[in-house]
Asker: 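Shown below is the structure under consideration.
Counting starts at 1 for both ligands and their atoms, following the listed order. It should be emphasised that the depicted structure is a prediction, and the values quoted were computed from it without experimental measurement.
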Amino acid sequence: QTKSAVLGLNDCGKISLFLPKMAYDQESGLIPDTVILGSTNSYYVEKLLGEGGYGVVARCMNVDTEEVVALKMLREYIDKEDAEREVKSLCKLKQLDADTHNVVKFIEHFEYKGRFCLIFELLDLNLVHYMESRDWRPLNAAEIRPIAQQMLVALEGLQNIGLVHADMKLDNIAFVDLSLSQFFKVKLIDFGCAIEVSELSESNTIQMTGYRAPEVIMGLPLTEAVDMWSLGANLAHIFLGEPLYPDESEYEQLRIMVHCQGMKTPDTKAFLSLLKQLLHMDPKKRITPSAALRHRFITMKHLFVNTGFFIRYREQAQFLMRRCDLRMTDMDICTSSKVLSSNKASTSHDDTEGSTDASEASASHDDIEPAKISWIKQTKACKMMPQMS
Ligand SMILES: Nc1ncnc2c1ncn2[C@@H]1O[C@H](COP(=O)(O)OP(=O)(O)OP(=O)(O)O)[C@@H](O)[C@H]1O
């Protein structure tokens, strides 16, 4: 804790750390118009961009190359061990191509006056800022799709390198450049809580309340599926314009909103179908990133129906996806007339509901005590997931 830190509720109703401006500048060590000397590069601090419990982030310019970057200086009270863990996760992240996997590009790190400094590519507003700028007016399914697809690709990449983000929240999804034509191009940021999947244990209290997977709350064995749950809760948040959890009745709210306001278009149904599988109570049955990328909400197979409305809607939906320049093999296939005929003879690949990876992964519960299994079953029965279908 810092001397002047105050905990309070932010605009989203979440607990945040507030620091008075002047003390914050001094404490962060990031004072505009000063230069931070790194081991190989020096950075001119232009302006402060954001802050969190772990660090303060500023827009900086590499004095030699004039490259504009984001510098995150970890707070004074962060243990060296924790700082080194974040650096270790970021080094591991370098195994992925940051642009194709939609994760922030990590450039370098160094210590400055005993504080860890991490240098990243400069990104734009995060999803909280963006939603605030539109008064939390919900995004529609077509707008959510490119964000969902990119985050699934990111989580698939993390799964491949055995890393769990463990802090998927709207603050940690940032636009690449809102002023560019790639409007919905986003990246996953903040690997401060990331953990190797092999190091996950039941005692880990990871993820933020509201995005926390049930197995974390219940102290059950954890896997990378925790990130998929959080992604589901995040997508529901931007679809509703308000958080889905922790109040479970908000789940009912989602159902009623969709039902009463006539929003249950085929695309909304497809979105809810994916959401249901992301928010599966049982992590072993929760959909995987690769299966989710084949879900019809992402591939848009269900939109390839020959009616005037759908043609226009589909064109808009495809436009939003193309603007992000996504790796859309399935979607590209969908653009051909092949899809119209293949719709008739539906395959199991484009909609994974109740099939493929999700159900195959439903293996045994041998490693969970019987009492816990029965508890989960009861909880599952109480959940309103089935009502969403
Ligand atoms: N690469 C970047 N480009 C632009 N802005 C960034 C970048 N990285 C972070 N930010 C901004 O700084 C804020 C804080 O960054 P970050 O989430 O990494 O800090 P943190 O202390 O780990 O946060 P938390 O307490 O939420 O875990 C972000 O919400 C974002 O607004």
Asker: Hey, is Asp99 close enough to Lys105 for a salt bridge, meaning N to O under 4.0 Å?
Answerer: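 Salt bridge between Asp99 and Lys105, a charged N being under 4.0 Å from a carboxylate O: yes.
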Asker: Around atom 26 (O) of ligand 1, find the nearest protein heavy atom and jot down its residue, atom name and distance.
Answerer: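 Atom 26 (O) of ligand 1 sits closest to the protein heavy atom Lys169 NZ, 2.9 Å.
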Asker: Can you confirm, on distance only, whether ligand 1 has an N/O atom lying under 3.5 Å from any N/O atom belonging to Asn126?
Answerer: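 So ligand 1 has an N or O lying under 3.5 Å from an N or O of Asn126.
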Asker: Could you tell me if the side chain of Phe110 sits less than 4.5 Å from the side chain of Ile119, heavy atoms only?
Answerer: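 They are in side-chain contact.
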Asker: Any atoms of ligand 1 less than 4.0 Å from a non-hydrogen atom of Leu49? List them with their elements.
Answerer: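 Once the distances to Leu49 are compared, the set is 4 (C), 5 (N).
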Asker: When you check the gap from the basic side-chain N to the acidic O, do Lys80 and Glu111 get nearer than 4.0 Å?
Answerer: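 Yes, this pair counts.
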Asker: Taking C-beta and beyond as the side chain, do Thr34 and Val45 meet within less than 4.5 Å on heavy atoms?
Answerer: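 In short, these two side chains touch, coming nearer than 4.5 Å.
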Asker: Taking the side chain as C-beta and beyond, is there a heavy-atom pair between Leu200 and Ile195 under 4.5 Å?
Answerer: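 Contact flag for Leu200/Ile195 side chains = yes.
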Asker: In the protein, which heavy atom is nearest to atom 2 (C) of ligand 1, and how far is it?
Answerer: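 Closest protein heavy atom to atom 2 (C) of ligand 1: Ala70 CB, 3.5 Å.
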Asker: For Gly192, state whether at least one heavy atom is located under 4.0 Å from any atom of ligand 1.
Answerer: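 No, that is not the case, since the closest heavy atom of the residue is not under 4.0 Å from the ligand.
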Asker: Between the side chains of Gln207 and Asp167, does any donor sit under 3.5 Å from an acceptor?
Answerer: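 Checked: Gln207/Asp167 side chains show no N/O donor-acceptor pair below 3.5 Å.
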Asker: What protein heavy atom lies closest to atom 18 (O) of ligand 1? Include the residue and the distance to one decimal.
Answerer: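 Of the protein heavy atoms, Lys72 NZ, 2.8 Å lies nearest.
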Asker: Can you tell me how far apart CD (Gln277) and CG (Leu272) are? Round to the nearest 0.5 Å.
Answerer: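 If I round to the nearest 0.5 Å, the distance is 11.5 Å.
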Asker: Which atoms of ligand 1 sit under 4.0 Å from any heavy atom of Asp171?
Answerer: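 Answer, ordered by atom number: 29 (O).
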Asker: Can you pull out the closest protein heavy atom to atom 25 (O) of ligand 1? Residue, atom name and distance to 0.1 Å, please.
Answerer: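 The protein heavy atom lying closest is Gly53 N, 2.6 Å.
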Asker: Which atoms of ligand 1 are found less than 4.0 Å from any heavy atom of Glu51?
Answerer: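 So the atoms of ligand 1 that pass are 13 (C), 14 (C).
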Asker: Quick check: does any side chain N or O of Asp135 sit under 3.5 Å from a backbone N or O of Arg137, one acting as donor and the other as acceptor?
Answerer: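 No.
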Asker: Compute both the distance and the angle, then confirm whether Arg145 meets the cation-pi test with Phe297: under 6.0 Å from the six-membered ring centre, within 45 degrees of the axis.
Answerer: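 Yes, a cation-pi geometry holds between Arg145 and Phe297.
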Asker: Among all protein heavy atoms, pick the one closest to atom 1 (N) of ligand 1 and tell me residue, atom and distance.
Answerer: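 In this structure, atom 1 (N) of ligand 1 has Glu121 O, 2.9 Å as its nearest protein heavy atom.
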Asker: How does Phe120 reach ligand 1, if at all, at less than 4.0 Å between non-hydrogen atoms: by side chain, backbone, both, or neither?
Answerer: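 Under 4.0 Å from ligand 1, Phe120 contributes side-chain atoms alone.
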Asker: With distance as the sole criterion, is a donor-acceptor pair present between the side chains of Asn62 and Tyr44 under 3.5 Å?
Answerer: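 Per modelled atom types, Asn62 and Tyr44 side chains form no pair under 3.5 Å.
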Asker: Which part of Leu125 is near ligand 1, with near meaning a heavy atom under 4.0 Å away: side chain, backbone, both or neither?
Answerer: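 None of Leu125 does.
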Asker: Provide the number and element of each atom of ligand 1 under 4.0 Å from a heavy atom of Asp167.
Answerer: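 Selected atoms, number and element: 27 (O).
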Asker: Measure Ile189 to ligand 1 on non-hydrogen atoms and call it side chain, backbone, both or neither using the 4.0 Å cut-off.
Answerer: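 Near ligand 1, Ile189 shows its side chain, while the N, CA, C and O stay back.
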Asker: Looking only at heavy atoms, is any part of Arg59 under 4.0 Å from ligand 1, and if so is it the side chain, the backbone, or both, or is it neither?
Answerer: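 None of Arg59 does.
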Asker: Any N or O on Gly55 sitting closer than 3.5 Å to an N or O of ligand 1?
Answerer: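 For ligand 1, there is an N or O atom that lies under 3.5 Å from one belonging to Gly55.
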Asker: Can you pull out the closest protein heavy atom to atom 6 (C) of ligand 1? Residue, atom name and distance to 0.1 Å, please.
Answerer: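 Answer for atom 6 (C) of ligand 1: Val57 CG1, 3.8 Å.
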Asker: Which bit of Asn172 is near ligand 1, meaning a heavy atom under 4.0 Å away: side chain, backbone, both or neither?
Answerer: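 Side chain only.
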Asker: Between Leu123 and ligand 1, is there a nitrogen or oxygen pair with a distance under 3.5 Å?
Answerer: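 Checking ligand 1 against Leu123, an N or O pair does fall under 3.5 Å apart.
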Asker: Is the shortest distance from a Lys or Arg side-chain nitrogen in Glu86 or Lys72 to a carboxylate oxygen in the other one below 4.0 Å?
Answerer: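 Yes.
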Asker: So is Arg75 in contact with ligand 1, going by heavy-atom distances below 4.0 Å?
Answerer: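 Checking ligand 1 against Arg75, which is what was asked, there is no heavy-atom contact under 4.0 Å.
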Asker: Just to verify, which of Val186, Asn126, Leu123 counts as forming a side chain to side chain contact (heavy atoms under 4.5 Å, CB included) with Phe175?
Answerer: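 By the side chain to side chain contact (heavy atoms under 4.5 Å, CB included) criterion, Phe175 pairs with just one of Val186, Asn126, Leu123: Val186.
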Asker: Would you call Glu224 and Lys284 a salt bridge, taking side-chain N to carboxylate O under 4.0 Å as the test?
Answerer: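 No salt bridge links Glu224 with Lys284.
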Asker: Quick one: does Asp190 get an N or O within less than 3.5 Å of an N or O on ligand 1?
Answerer: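 Right, the criterion is met.
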